Amino acid sequence: MDKKGKPVIRTGVNVFVFNDKGQFVLGHRKGSHGAGTWGLPGGHIDFFEQSFEHCARREIKEETDFQISGIEFLTLMELHKCDGWEWFTWEEVKKLYEAQVAAEKENHTVEFTGKKLFSL
């Protein structure tokens, strides 16, 4: 139950939203959960939500103000939880990941100024 006594489901979705260039959107997170890192839009399914697809549409609208359609695959955040959204290619994410891992291996995470990817 949440603070208002409503049932809470701890299942969530993250959504890859692609543009016509094949890029997908990542949000620069703010707040206590993953602040300063980049992650996919998504969130928790509401107790009376109709489906994961409905949850994905609602979360994307809330977080990015995008209207999405043609959902093909769902993997199991909110507009106010990110400082902004940017489009990325797989190659760009790979480079970001490699730079972050290199900084971590050299214990330079404090000085690292690149885009930090969100991880659990």
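Predicted model only: the values in this text are computed from it and were never measured.
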Rounded to the nearest 0.5 Å, what separates atom [atom1] in [X] from atom [atom2] in [Y]?
| X | Y | atom1 | atom2 | value |
| --- | --- | --- | --- | --- |
| Arg58 | Glu53 | CZ | CD | 13.5 Å |
| Lys115 | Thr113 | NZ | OG1 | 11.5 Å |
| Leu96 | Lys116 | CG | NZ | 12.5 Å |
| Leu26 | Phe16 | CG | CZ | 8.0 Å |

So, using side chain to side chain donor-acceptor pair (under 3.5 Å) as the criterion, who are the partners of [X] when residues are at least two apart?
| X | result |
| --- | --- |
| Gln23 | Asn19 |
| Ser51 | none |
| Gln50 | none |

Between [X] and [Y], which heavy-atom pair has the shortest distance, and what is it?
| X | Y | result |
| --- | --- | --- |
| Ile68 | Ala56 | CD1-O, 4.1 Å |
| Gly43 | Cys55 | O-SG, 4.3 Å |
| Glu59 | His44 | OE2-O, 3.3 Å |

With [X], which residues qualify under side-chain contact (heavy atoms from CB on, under 4.5 Å), at least two apart?
| X | value |
| --- | --- |
| Asp20 | none |
| Tyr97 | Val101, Leu117 |
| Glu91 | Thr89, Lys94, Lys95 |

Do Phe24 and Leu40 have side chains that get closer than 4.5 Å, going by heavy atoms? yes
Please examine the side chains of Val17 and Phe66, heavy atoms only from C-beta on, and report whether any two atoms are closer than 4.5 Å.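 Phe66 vs Val17: side chains touch.
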For the residue pair Trp38 and His28, does the interplanar ring angle fall in the parallel (under 30°), tilted (30 to 60°) or perpendicular (over 60°) class? tilted
